[in-house]
Amino acid sequence: MRHSNLIALNGRPLDQDLSRRLNRAVRCANDANCFALSEARDGAAAGALSMFGVIAGTGVGGGLVLNGRLVRGADASAGEWGHMALPYLTAEERAADPACYCGRSGCVEAWCSGPALSRDHERQTGRSLSAPEIAAAAKLGDKACQLSLDRHADRFARALTSVIKIVDPEVIVLGGGLSNLDGFADTLAKRLPHWLSGDDLVARIRTPLHGDSSGVRGAAWLWDDN
Ligand SMILES: [Zn+2]
């Protein structure tokens with residue numbers, strides 16, 4: 001996520017600076033980590049021993065919660081799957097090799113964010129539409145828009161295979177603006193078995209119980225996470 005460079009943990013510089021300035025204790029984590037913690041504690045993944053929370057919107061980020069605790073990582077970058085490379089590239093994708101704001105190219109975020117969906121649609125059709133506009137047109141029967149959504153879902157599924165193969169989380173909760181698009185979770189869940197074996201993969205993909213409020217709720221849960 002674009003906020004990654006603002007990640008700070010207890011005792012890290014940003015927390016310390018904010019604590020000094022505000023004269024009170026401060027705890028910080030990025031939006032994806034807060035989202036994951038909220039959905040893990042009392043949301044769509046409550047009771048699961050392992051969960052991965054996905055934020056997909058203008059960027060792509062993630063948060064990992066194991067045994068109810070947020071996994072922050074040695075350098076506070078655990079769960080940052082948005083800047084892993086998209087796997088299983090087609091020849092066409094290899095040629096497109098979209099640039100990512102992080103300075104590299106071909107990142108999951110460069111393929112799977114909302115703006116990436118728009119850019120892909122424009123590459124294929126010459127039409128400039130936002131992600132919600134593409135979803136709305138597809139619902140009305142626009143075949144080119146539906147194909148763009150299908151390509152996007154397939155890429156999202158491929159990207160998630162890397163997470164699933166390493167962590168094998170019991171539950172994956174999809175959050176962020178893209179998760180609000182009609183049929184996003186269902187289309188993704190149906191695409192996953194093409195890249196992974198596992199009979200309960202579809203059941204593991206869930207939408208957030210707390211919707212767009214989970215980020216704020218998760219920030220509050222940070223006070224119960226150490
Ligand atoms: Zn990147």
Side-chain angles (χ1 to χ4, degrees), residues 1 4 29-73 77-88 107-109 111-114 116-117 131 149-215 217-218 221 225:
M1 298 293 290
S4 301
N30 72 10
D31 53 351
N33 280 355
C34 290
F35 167 81
L37 194 55
S38 166
E39 292 297 328
R41 287 297 178 86
D42 61 351
L49 293 179
S50 58
M51 69 81 71
F52 187 65
V54 170
I55 293 280
T58 53
V60 175
L64 178 64
V65 179
L66 299 179
N67 300 314
R69 298 286 177 195
L70 186 62
V71 177
R72 299 165 189 267
S77 65
E80 289 295 323
W81 71 309
H83 299 285
M84 293 163 59
L86 183 75
Y88 307 116
C107 293
V108 167
E109 182 165 301
W111 283 113
C112 296
S113 67
L117 168 59
L149 289 183
D150 292 345
R151 283 193 306 279
H152 180 264
D154 185 70
R155 288 165 184 153
F156 217 101
R158 274 185 268 160
L160 272 181
T161 62
S162 305
V163 175
I164 293 171
K165 282 177 176 171
I166 292 172
V167 182
D168 196 15
E170 281 180 38
V171 177
I172 294 172
V173 184
L174 300 175
L178 286 179
S179 71
N180 294 328
L181 298 182
D182 266 350
F184 177 71
D186 289 343
T187 309
L188 174 62
K190 282 181 192 142
R191 201 60 205 147
L192 268 177
H194 184 79
W195 297 103
L196 285 164
S197 55
D199 53 11
D200 64 344
L201 279 170
V202 173
R204 291 201 231 170
I205 305 289
R206 296 183 191 166
T207 50
L209 185 63
H210 301 296
D212 294 337
S213 303
S214 250
R217 296 181 82 264
W221 275 117
D225 191 51

Item to check | Check: Val54 and Leu160 side chains under 4.5 Å, non-hydrogen atoms | outcome: yes
Next on the checklist: Check whether Arg72 reaches the backbone of Ala78 with its side chain - one donor and one acceptor, N or O, closer than 3.5 Å.
Outcome noted: no
Checklist entry - If only atom types and distance count, is the side chain of Asn67 paired as donor or acceptor with the main-chain N or O of Arg69 below 3.5 Å? => result no
Checklist entry - Partners of Ala189 by side chain to side chain contact (heavy atoms under 4.5 Å, CB included), sequence neighbours excluded? => result Val202, Ile205
Item to check | salt bridge (charged side-chain N to carboxylate O under 4.0 Å, His left out) partners of Asp212, counting only residues at least two apart | outcome: none
Next on the checklist: Quick one: does any side-chain atom of Glu39 pair with a main-chain N or O of Ala44 as donor and acceptor, under 3.5 Å?
Outcome noted: yes
Next on the checklist: My understanding is that only residues two or more places apart in sequence, or in another chain, count here; which of them pass ring pair (Phe, Tyr, Trp, His ring centres under 6.0 Å) with Phe52?
Outcome noted: Trp81
Next on the checklist: Strictly by salt bridge (charged side-chain N to carboxylate O under 4.0 Å, His left out), give each pair with a member in residues 159-168 just once, sequence neighbours left out.
Outcome noted: Asp168-Arg204
Next on the checklist: Looking at every heavy atom in both Pro87 and Thr161, which two are closest together, and how far apart are they?
Outcome noted: CG-OG1, 4.2 Å
Checklist outcome for this item: In short, Asp150 meets Thr187 closest at the heavy-atom pair OD1-CG2, 4.4 Å
Checklist entry - Is there side-chain contact between His210 and Asp42, with heavy atoms separated by less than 4.5 Å? => result yes
Checklist entry - What pairs meet the salt bridge (charged side-chain N to carboxylate O under 4.0 Å, His left out) rule with one or both residues in residues 44-59, with sequence neighbours excluded? => result none
Item to check | Shortest non-hydrogen contact from Ala32 toward Gly61 | outcome: CB-C, 3.9 Å
Checklist entry - How many angstroms lie between atom CG of Asn33 and atom CG of Leu70, to the nearest 0.5 angstrom? => result 4.5 Å
Next on the checklist: Taking the side chain as everything from C-beta on, heavy atoms only, tell me whether Phe35 gets closer than 4.5 Å to Val173.
Outcome noted: yes
Checklist entry - Between the main-chain N or O of Tyr88 and the side-chain N or O of Arg158, is there a donor-acceptor pair closer than 3.5 Å? => result yes
Checklist outcome for this item: For residues 169-195, the salt bridge (charged side-chain N to carboxylate O under 4.0 Å, His left out) pairs (sequence neighbours left out) are Lys139-Asp182, Asp154-Arg191
Checklist entry - Side chains of Val163 and Ile172: closer than 4.5 Å at any heavy-atom pair? => result no
Checklist entry - Taking all non-hydrogen atoms of both residues, which atom of Pro169 and which atom of Ile164 are closest, and how far apart? => result CD-CA, 4.0 Å
Checklist entry - Of the non-hydrogen atoms in Leu174 and Ser179, which two are nearest, and what is the gap between them? => result O-CB, 3.3 Å
Item to check | Set of residues satisfying side-chain hydrogen bond (donor to acceptor under 3.5 Å, both in side chains) with respect to Ser38, sequence neighbours excluded | outcome: Ser214, Arg217
Checklist entry - Got a second to check how far Leu66's CG is from Leu49's CG, nearest 0.5 Å? => result 9.0 Å
Checklist outcome for this item: On a heavy-atom basis, the closest approach of Ala48 and Val171 is CB-CG2, 3.8 Å
Next on the checklist: Determine whether a donor-acceptor pair (N or O, by modelled atom type, separation under 3.5 Å) exists between the side chain of His152 and the backbone of Cys112.
Outcome noted: yes
Next on the checklist: Would you compute the distance between atom CG of Leu178 and atom OG1 of Thr58 and round it to the nearest 0.5 angstrom?
Outcome noted: 9.0 Å
Next on the checklist: Please check: side-chain N/O of Glu109 versus main-chain N/O of Val60, any donor-acceptor pairing under 3.5 Å?
Outcome noted: yes
